[in-house]
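The structure appears right after this line, and notes come after that.
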Amino acid sequence: MASFLEFEKPIAELQGRIDELRDTAADGAVDIDAEIGRLQAKSDKLLRDTFAKLTPWQKTLVARHPERPHFKDYVAGLFEDWLPLAGDRAFADDQAIMGGFATFRGRRVVAIGHEKGNDTATRIRHNFGMGKPEGYRKAIRLIELADRFNLPVVTLVDTSGAFPGIQAEERGQAEAIARSTEACLAAGVPVIAAIVGEGGSGGAVALAAGNRVLMFEHAVYSVISPEGCASILWRTADRAADAAEAMRVTAQDLKALGVIDTIVSEPLGGAHRAPAPAIAALGDALDRALIDLSPLSARELREERRAKFLKMGRL
């Protein structure tokens, strides 16, 4: 059964009525196909109308939907010959950030991304996608390997932010994030980042400083979560919706500001409703970006990346 968000209650009610009618007609005694068709059309229209005018806070809720595809789903749907690599060669292996070698549509690449998990056990194992220093140092190791072997880097960003625990701070969280960002900027190979869910704070930027930054239309990308921003500005997380509006967290706002390059369309109702088409759409966007960047030399890639990020925020 689909999991509906708070603002989708009218759609959920319609779907509930449709399911009840289907159960009633299961024995074949009553033909109610016409009524089911009418209600389904009404539900589809309501879904279209609702998602055509989502607020930034509603988009945040969609981006966090637990049934959205995660890194492992994209690996299964887009890559072949997946060879994961573990550990930062210094402390441990962080399951919140995964990466390795893969083949993407005939090209060898290095793929890195946040993995949130899809049930209680896997969410705990992957720390809800919140990377620790060893995770970012693993990413650095993989980016440097990609540079050494002249392989493009594809990163999939989906995190509320880097892990804020005291143990992470003791192991140099800020330095690891900064070094990971530096590795993305310094690479002499194409670096393509995709914001597929949440792009939160430095934990996201550390994997998103690429030549091309793609973003799903219902993903969000910001320097802090709306709740965190509201807690700082208004001393209450209850004004998260106001914060989301003010921070310009949506793909549409960020494209207009020049922070991202491409908006990737999602199936009606969000990527969680139809994961396979969403994954395929992202694959097409990644393929176009790789084709666009492949003729550039290492020097040109670095210069383009530098110019791209220095331009942000200029009036």
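The structure presented is a predicted model; accordingly, all values stated were derived computationally and were not measured. Numbering starts at 1 and runs along the sequence shown.
Using a 4.5 Å cut-off on side-chain heavy atoms (C-beta onward), Pro226 and Met247 make contact. Proximity of Asp88 to Arg141: side-chain heavy atoms (C-beta onward) are nowhere separated by under 4.5 Å. The closest side-chain heavy-atom distance from Ile263 to Met215 is not below 4.5 Å.
With respect to Arg68, the side chain to side chain donor-acceptor pair (under 3.5 Å) criterion is satisfied by exactly one of His272, Glu266, His218: Glu266.
Atom CZ of Arg64 has more than 12 heavy atoms from other residues, nucleotides or ligands within 6.0 Å.
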Test log, rule salt bridge (Lys or Arg N to Asp or Glu O under 4.0 Å), inputs Glu182 and Arg179: CA-CA 5 Å; Glu182 179 186 42; Arg179 294 293 185 188; 3.2 Å; yes
From CA spacing to verdict: side chain to side chain donor-acceptor pair (under 3.5 Å), Ser43, Gln15: CA-CA 7 Å; Ser43 176; Gln15 284 301 132; 2.9 Å; yes
Asp261 and Lys308: CA distance, side-chain angles, deciding distance, salt bridge (Lys or Arg N to Asp or Glu O under 4.0 Å) verdict: CA-CA 10 Å; Asp261 302 292; Lys308 170 189 175 67; 2.6 Å; yes
Step-by-step side chain to side chain contact (heavy atoms under 4.5 Å, CB included) determination, Tyr221 to Val205: CA-CA 9 Å; Tyr221 191 23; Val205 175; 3.7 Å; yes
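For Phe71 and His126, the ring centers sit 6.0 Å or farther from each other.
With respect to the salt-bridge test (charged N to carboxylate O, under 4.0 angstrom), the residues Arg38 and Glu35 qualify. A salt bridge is absent between Arg305 and Glu300: the closest approach of a Lys/Arg side-chain nitrogen to an acidic carboxylate oxygen does not fall below 4.0 angstrom. A salt bridge between Asp93 and Lys138 is present, with a side-chain N of the basic residue lying under 4.0 Å from a carboxylate O of the acidic one.
The heavy-atom pair separating Val191 from Ala209 by the smallest distance is CG1-O, 4.3 Å. Among all heavy-atom pairs drawn from Ala162 and Gln173, the shortest one is CB-NE2, 3.6 Å.
Judged as a side chain to side chain donor-acceptor pair (under 3.5 Å), and not counting sequence neighbours, the contacts of Glu303 are Arg299.
With Phe128 as the aromatic partner, Lys116 does not meet the cation-pi criteria of under 6.0 angstrom to the ring centre and within 45 degrees of the ring axis.
By the 30° and 60° cut-offs, the orientation of the rings of Phe149 relative to Phe101 is perpendicular.
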